[in-house]
Amino acid sequence: MRKDIEKIIISENEIKMRVDELAKKIDAEYSEKNPVVVCILRGAIFFATDLTKELSIPLEIDFMSLSSYGDSTKSSGVVKIKKDIDTDITKRHVIIVEDIVDTGLTLKYINDYFEKHNPASIKICTLLDKPNAHKTDLKIDYVGFDVGNEFVVGYGLDFAQKYRNLPFIGILKKEIYS
Ligand code: IMP
Ligand code: MG
């Protein structure tokens, strides 16, 4: 697997330190709020588990799965719910935990869908953000790291379902996906 990686851009230790920082902020903002943390499958699994383990506030965890890229590296812009959350989020504080924001179309869709259930609030927490690729003006509340427009894998992020279990974030060699 590692031979397919051009470069490690965020080490395991850097991820851990940043997750701890984000957890401190969320802890401070959500004491007394009992938020519903929604992990977007499958990419956000490691981030969501590591983040919630660092939180000391009471919270609930739920999962949502959407149609993704397939095996390509470009967003289709077409999003479909494959698995919905089981929690009633009406009047609840929702934190959406995502692996990466690229065009932002996926999160825009989830955000608009959740809004219809009249939650008390919705905030978005993403491990990675590609600010130069955004195609929506959706506000992102917590960002782990900004990255460039290269295709990255590891710590939950995949290419064709591979590389998710790498413990770091790395840039995939171009010849692998082009
Ligand atoms: P968006 O709708 O364009 O923001 O796409 C977001 C989704 O595309 C993320 O949840 C990822 O699953 C996937 N994605 C976008 N960029 C990358 C990348 O560099 N590596 C792996 N997956 C990516
Ligand atoms: Mg994803």
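Ligands are counted one by one from 1 in listed order, and the atoms in each one are counted from 1 as well.
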List ligand 1 atoms under 4.0 Å from [X], heavy atoms only on the residue side.
{"X": "Thr106", "result": "1 (P), 2 (O), 5 (O), 6 (C)"}
{"X": "Glu98", "result": "10 (O)"}
{"X": "Leu157", "result": "20 (N), 21 (C), 22 (N)"}
{"X": "Glu150", "result": "19 (O)"}

Inset, instruction - For ligand 1, indicate whether the residue Asp158 contacts it via side chain, backbone, both or neither (heavy-atom separation under 4.0 Å). - result: backbone

Legend entry - Residue pair Phe145 / Ile169, side-chain heavy-atom distance below 4.5 Å: no

Inset, instruction - Kindly assign one of parallel, tilted or perpendicular to the pair Phe151 and Tyr177, based on the angle between their ring planes and the thresholds 30° and 60°. - result: tilted

Inset, instruction - Please work out which of the three classes, parallel, tilted or perpendicular, describes the rings of His117 and Tyr113, given edges at 30° and 60°. - result: perpendicular

Legend entry - Closest approach of Lys130 to Gly148 (non-hydrogen atoms, all atoms of both residues): CG-O, 3.4 Å

Inset, instruction - For ligand 1, find out whether one of its N or O atoms is nearer than 3.5 Å to an N or O atom of Gly104. - result: yes

Inset, instruction - Using distance alone, decide if ligand 1 has a nitrogen or oxygen within less than 3.5 Å of any nitrogen or oxygen in Val152. - result: yes

Inset, instruction - Using non-hydrogen atoms of the residue, decide whether His134 is closer than 4.0 angstrom to ligand 1. - result: no

Legend entry - More than 12 heavy atoms of other groups within 6.0 Å of Glu175 CD: yes

Legend entry - Within 6.0 Å of CG in Asp137, more than 12 heavy atoms from elsewhere: no

Legend entry - Residue selection (non-hydrogen contact nearest atom 11 (C) of ligand 1) among Val79, Val147, Ile100, Asn149: Ile100

Legend entry - Side-chain donor-acceptor pair present, Asn13, Ser11, cut-off under 3.5 Å: no

